[in-house]
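Since the structure comes first, as structure tokens, the remarks are kept for the end.
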Number of protein chains: 2
Amino acid sequence: MILEKKKAFNEFAAAKGLRSTRQRDIILDFFLSTHQHVSVEELYLKIKASHPGIGHATVYRTLKLFTEAGLAREILLHDGQTRYEHALAGEHHDHLVCTGCNAIIEFEDETIEKLQKEIATRHGFMIRSHKLEIYGLCAECRAAQ
Amino acid sequence: MILEKKKAFNEFAAAKGLRSTRQRDIILDFFLSTHQHVSVEELYLKIKASHPGIGHATVYRTLKLFTEAGLAREILLHDGQTRYEHALAGEHHDHLVCTGCNAIIEFEDETIEKLQKEIATRHGFMIRSHKLEIYGLCAECRAAQ
DNA sequence: TATGCTTTTGATTTTCAATTTCAATTGTGT
DNA sequence: ACACAATTGAAATTGAAAATCAAAAGCATA
Ligand SMILES: [Mn+2]
Ligand SMILES: [Mn+2]
Ligand SMILES: [Zn+2]
Ligand SMILES: [Zn+2]
């Protein structure tokens, strides 16, 4: 799993003529070992603990590279922080976001996806991407009210 | 239409103990006479032309008030600028956003709304709001390719 | 292994939207 | 008119993200 992702990134880097650097290896290791939906700052701080030399800019740049390589997906929720999640080829999902505890629940709905395509067709629109986010309170936060 | 909105805001202001000010009247007039999905900066510049004294901060603050009052809805698309649209009581819609010409097409789909509720229920989640944005190219931008 | 060229890095600066600050101004009840 | 709280707006601040650029590192070649 992790090895496959590393291989995929190496192939992407080779195809693009990118150099292999210690920093990119470290950032990839940390990214692959995080939970989903990590923010750049969170990842940066985690890395900094054991690799104090690595800078903000490199983390920002490298996550963009991972996205380009298809390993990561950028998530922009309503809190002004860009987050990244692990992207799996051919996989797509949307998010339920708890405004109480910031938990994120993933879901997929084939019917919703299909209806979106129909709406786009009806308007002569060609879909490139979409985002569906449902904000509210998760079961625990509702109980804690 | 416009008079009703003004009345609605006055009632909200009265209930909240807000004072009636020249600035809020002006900003409301301009907001009500704009097209949909206006950014704060766009609205500020429009107002500034005839009312140079009005400041950024007041426009920001007042649009937040309109949102609280239910006259406006905040829209955060992928361009880093908060936009506001006219909110109509009981009305909801989502957006097709053209990345070519920045056109925004509105749509409603009862089935999608219903499916979202079902998904939320399945996860014990209480919905407070949601956003569905479909990004891509509108018919004209496709043709112009 | 050394050379030379190019990419990459990271401290720092810059950007930009949005918010905060706070002294001056304004609205409102008395 | 007065008192006092709310409001305003210029300016400063914030925070995320991008840009800058000299130094460091990677890599092809000798
Ligand atoms: Mn996810
Ligand atoms: Mn709209
Ligand atoms: Zn929660
Ligand atoms: Zn278009």
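Just so we're on the same page: letters track the sequence lines, and every chain starts at 1.
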Margin query: Which heavy atom of A:C98 sits nearest to which heavy atom of A:C101, and what is that distance?
Written below: SG-N, 3.4 Å
Check: Using a cut-off of 4.0 Å on non-hydrogen atoms, how would the nucleic acid contact of B:K16 be classed: base, sugar-phosphate, or nothing?
Finding: nothing
Check: What is the distance, rounded to the nearest whole Å, between atom CZ of A:R24 and atom P of C:dT7?
Finding: 11 Å
Note to self: Taking the ring centre of each residue, are B:H123 and A:F107 less than 6.0 Å apart?
What the structure shows: no
Next item on the list: Could you tell me the separation between the CD atom of A:E74 and the C1' atom of D:dA16, rounded to a whole number of Å?
Entry: 12 Å
Item checked: B:H86 and B:E91 side chains, donor-acceptor separation under 3.5 Å -> no
Next item on the list: Whole angstrom is fine here: how far is it from CG in B:L28 over to C1' in D:dT7?
Entry: 17 Å
Check: A:H92 and A:E113: side-chain donor and acceptor closer than 3.5 Å?
Finding: yes
Note to self: Checking contacts here: which listed nucleotide (D:dT8, C:dA17, C:dT9) is nearest the side-chain heavy atoms of A:T58?
What the structure shows: C:dT9
Check: What is the distance from CG of B:L43 to C1' of C:dA17, rounded to the nearest Å?
Finding: 15 Å
Next item on the list: In whole angstrom, give the distance that lies between atom CD1 of B:I26 and atom C1' of D:dT7.
Entry: 14 Å
Check: Distance only, no hydrogens: is a donor on one side chain within 3.5 Å (strictly under) of an acceptor on the other, for B:E85 and B:H93?
Finding: yes
Note to self: Using whole Å, what does the distance between atom C1' of nucleotide C:dA11 and atom OH of A:Y44 come to?
What the structure shows: 10 Å
Check: In whole Å, what is the span from the NE2 atom of B:H56 to the P atom of D:dA10?
Finding: 10 Å
Next item on the list: Check every strand shown and say whether A:G17 touches a base, only sugar-phosphate, or nothing at a heavy-atom separation below 4.0 Å.
Entry: nothing
Check: Between B:K64 and C:dA18, does any side-chain N or O lie under 4.0 Å from OP1 or OP2?
Finding: no
Item checked: Test item: A:D94 and A:D109 side chains (from C-beta on) under 4.5 Å apart, heavy atoms -> no
Cut-off 3.5 Å, no hydrogens considered: what does the side-chain donor-acceptor table look like for residues 15-26 of chain B, sequence neighbours left out?
from: B:K16; atom 1: NZ; to: B:E68; atom 2: OE2; distance (Å): 3.0
from: B:T21; atom 1: OG1; to: B:R24; atom 2: N; distance (Å): 3.1
from: B:R24; atom 1: NH2; to: B:R19; atom 2: O; distance (Å): 2.9

Notebook entry, point to check: When the distance from CG of A:L63 to P of C:dG10 is rounded to whole Å, what number comes out?
Noted result: 14 Å
Next item on the list: Would you give a per-nucleotide map of nucleotides 20-30 of chain D, 5' to 3', where B means the base has a protein non-hydrogen atom under 4.0 Å away, S means only the sugar-phosphate does, and - means neither?
Entry: B----BBS---
Notebook entry, point to check: With respect to the phosphate group of C:dT19, does any side-chain polar atom (N or O) of B:Y60 fall under 4.0 Å of OP1 or OP2?
Noted result: no
Next item on the list: Select base, sugar-phosphate, or nothing to describe what B:E41 touches, counting heavy atoms under 4.0 Å on all strands.
Entry: nothing
